[in-house]
There are 2 protein chains.
Amino acid sequence: MERDTKQRRAIREVFTREHRPLSTDEVLAAGRMLVPSLGIATVYRNINSLSDEGWIHSVELPGEPARYERSGKPHHHHFICRGCGLAFDIAACPADVERLAPPGFAVDAHELVLYGHCPGCRQA
Amino acid sequence: MERDTKQRRAIREVFTREHRPLSTDEVLAAGRMLVPSLGIATVYRNINSLSDEGWIHSVELPGEPARYERSGKPHHHHFICRGCGLAFDIAACPADVERLAPPGFAVDAHELVLYGHCPGCRQA
DNA sequence: TAGCTCTTGATAATCGATTATCATTAACAT
DNA sequence: ATGTTAATGATAATCGATTATCAAGAGCTA
């Protein structure tokens with residue numbers, strides 16, 4: 001992955017536009033708006049190289065295949081809409097999460113996932 | 001699944017003893033302590049039927065295959081140990097989780113996962 | 001305890017996700 | 001503009017998880 005191809009540019013553009021974790025299918029669909037010939041293998045290859053570079057990283061949500069988002073964002077959590085299935089960023093974080101574990105457990109990270117309906121799906 | 005077999009009794013016994021979400025491999029290993037001939041297919045079959053009955057239910061944690069735990073416990077969360085990989089129950093729950101979503105988002109459920117080291121793995 | 005048939009255990013098959021293959025296309029250095 | 005070769009796209013192969021198959025074993029009823 002050294003050459004600056006239009007496919008790679010399109011994939012980077014997709015991640016730059018959407019500030020939320022994207023599945024491989026979402027990257028493929030959005031990327032095809034920019035490069036119609038884009039194939040799923042190229043999506044996987046570029047997601048892997050962009051991850052290796054640290055430009056994106058994977059976001060694992062319960063019971064679903066990995067999504068990916070732009071690296072460097074401040075600490076945040078995610079919301080999954082039961083209507084459209086999209087994952088959204090949530091800036092807020094509950095306080096004192098580390099205190100929730102019983103004595104003897106050392107907490108070094110945490111993940112919070114909210115479920116419900118996004119603004120668009122609430123009305124439909 | 002109508003007959004009361006020793007395999008099925010062993011699998012129920014495993015879930016009754018361990019108050020935390022168990023992977024299929026954990027159920028197999030613990031079940032073999034009680035019934036050495038136990039096979040993985042029987043574990044899957046009984047997990048499915050016990051789930052259908054509502055006696056257990058699946059617990060999805062980020063990036064991992066489903067675990068299962070006894071139904072009927074009060075609301076709680078989970079801790080995953082980076083040392084041994086086991087999932088533990090956490091009784092506590094952060095307050096006001098629903099308020100963390102931006103206006104327009106309707107939250108109806110949430111999951112919190114803590115990561116770190118369990119008491120046993122902290123010392124090793 | 002005999003017999004019916006559900007359950008088990010070994011393993012082949014399947015499933016969704018991801019990676020490998022390979023002929024073709026296209027960056028980019030000269 | 002051209003040659004080199006990395007990247008692409010179609011799709012076959014693979015991977016881990018789960019389900020299906022089927023002969024053998026064991027609950028349960030009479």
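The shown structure was predicted, so the numbers you read here are calculated from the model rather than taken from an experiment. The analysis underlying the following values was restricted to heavy atoms, covering all of them including side chains, and did not include hydrogens, waters or symmetry mates.
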Engineer: Among residues at least two apart in sequence or on other chains, which ones pass side-chain contact (heavy atoms from CB on, under 4.5 Å) with A:Ser51?
Structural biologist: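 Residues passing side-chain contact (heavy atoms from CB on, under 4.5 Å) with A:Ser51: A:Ile47, A:Ile56, A:Tyr68.
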Engineer: Side chain of B:Ala41 only, heavy atoms from C-beta on: which candidate in D:dG9, C:dT8, D:dA20 is closest?
Structural biologist: D:dA20
Engineer: Side chains of residues 59-67 of chain B: which donor-acceptor pairs under 3.5 Å do they make with residues two or more places apart or in other chains?
Structural biologist:
residue: B:Glu64; atom: OE1; partner: B:Arg67; partner atom: NH1; Å: 3.1
residue: B:Glu64; atom: OE1; partner: B:Arg67; partner atom: NH2; Å: 3.3
residue: B:Arg67; atom: NH2; partner: B:Gly85; partner atom: O; Å: 3.0

Engineer: Apply salt bridge (Lys or Arg N to Asp or Glu O under 4.0 Å) to A:Arg12 and list each qualifying residue two or more places apart in sequence or on a separate chain.
Structural biologist: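 Here the qualifying residues are A:Asp4.
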Engineer: Tabulate atom names and distances for all N/O pairs under 3.5 angstrom spanning the protein and nucleotides 16-18 of chain D.
Structural biologist:
residue: D:dT18; atom: OP2; partner: B:Tyr44; partner atom: OH; Å: 2.5

Engineer: Name all pairs fulfilling the side chain to side chain donor-acceptor pair (under 3.5 Å) condition that reach into residues 25-39 of chain B, sequence neighbours left out, sorted by first residue then second.
Structural biologist: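 Passing the test, one end in residues 25-39 of chain B: B:Arg20-B:Glu26, B:Ser23-B:Glu26.
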Engineer: Think A:Asn46 has a side-chain N or O under 4.0 angstrom from the OP1 or OP2 of D:dT8?
Structural biologist: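 For D:dT8, OP1 or OP2 has a side-chain N or O of A:Asn46 closer than 4.0 Å.
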Engineer: Based on the rotation axes of five pairs at each end, what angle does the helix from C:dT1-D:dA30 to C:dT30-D:dA1 bend through, to 10°?
Structural biologist: 40°
Engineer: Would you mind checking if B:Arg8 and B:Glu53 are paired as a salt bridge, meaning a charged N to carboxylate O distance below 4.0 Å?
Structural biologist: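 Between B:Arg8 and B:Glu53 there is a salt bridge, with a charged N closer than 4.0 Å to a carboxylate O.
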Engineer: Just how far, in rounded Å, is C1' of D:dG27 from CZ of B:Arg8?
Structural biologist: 13 Å
Engineer: Suppose we screen for ring-ring contact (aromatic ring centres under 6.0 Å, His included). Which residues come up paired with A:His19, at least two apart in sequence or across chains?
Structural biologist: none
Engineer: Rounded to whole Å, how long is the line connecting atom CG of A:Leu28 with atom P of D:dT8?
Structural biologist: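 Rounded to the whole Å, the gap is 13 Å.
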Engineer: When you check every protein heavy atom under 4.0 Å of nucleotides 22-30 of chain C, what one-letter string (B, S, -) results, 5' to 3'?
Structural biologist: ----BBS--
Engineer: With sequence neighbours excluded, tell me which residues meet salt bridge (Lys or Arg N to Asp or Glu O under 4.0 Å) with A:Lys73.
Structural biologist: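 With sequence neighbours excluded, A:Lys73 shows a salt bridge (Lys or Arg N to Asp or Glu O under 4.0 Å) to A:Glu69, A:Asp89, given in chain and number order.
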Engineer: Output all residues satisfying side-chain contact (heavy atoms from CB on, under 4.5 Å) with A:Ala10, sequence neighbours left out; order by chain, then residue number.
Structural biologist: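 With sequence neighbours excluded, A:Ala10 shows a side-chain contact (heavy atoms from CB on, under 4.5 Å) to A:Leu34, A:Val35, given in chain and number order.
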Engineer: Using distance only, find each side-chain donor-acceptor pair of residues 98-110 of chain B under 3.5 Å and give its atom names and separation, not counting sequence neighbours.
Structural biologist:
residue: B:Asp108; atom: OD1; partner: A:Arg82; partner atom: NE; Å: 3.0
residue: B:Asp108; atom: OD1; partner: A:Arg82; partner atom: NH2; Å: 2.7
residue: B:Asp108; atom: OD2; partner: A:Arg82; partner atom: NE; Å: 3.2
residue: B:His110; atom: NE2; partner: B:His75; partner atom: NE2; Å: 3.3
residue: B:His110; atom: NE2; partner: B:His77; partner atom: NE2; Å: 3.2

Engineer: Kindly write out the residues that satisfy salt bridge (Lys or Arg N to Asp or Glu O under 4.0 Å) with A:Arg17, not counting sequence neighbours, or none if the list is empty.
Structural biologist: A:Glu13
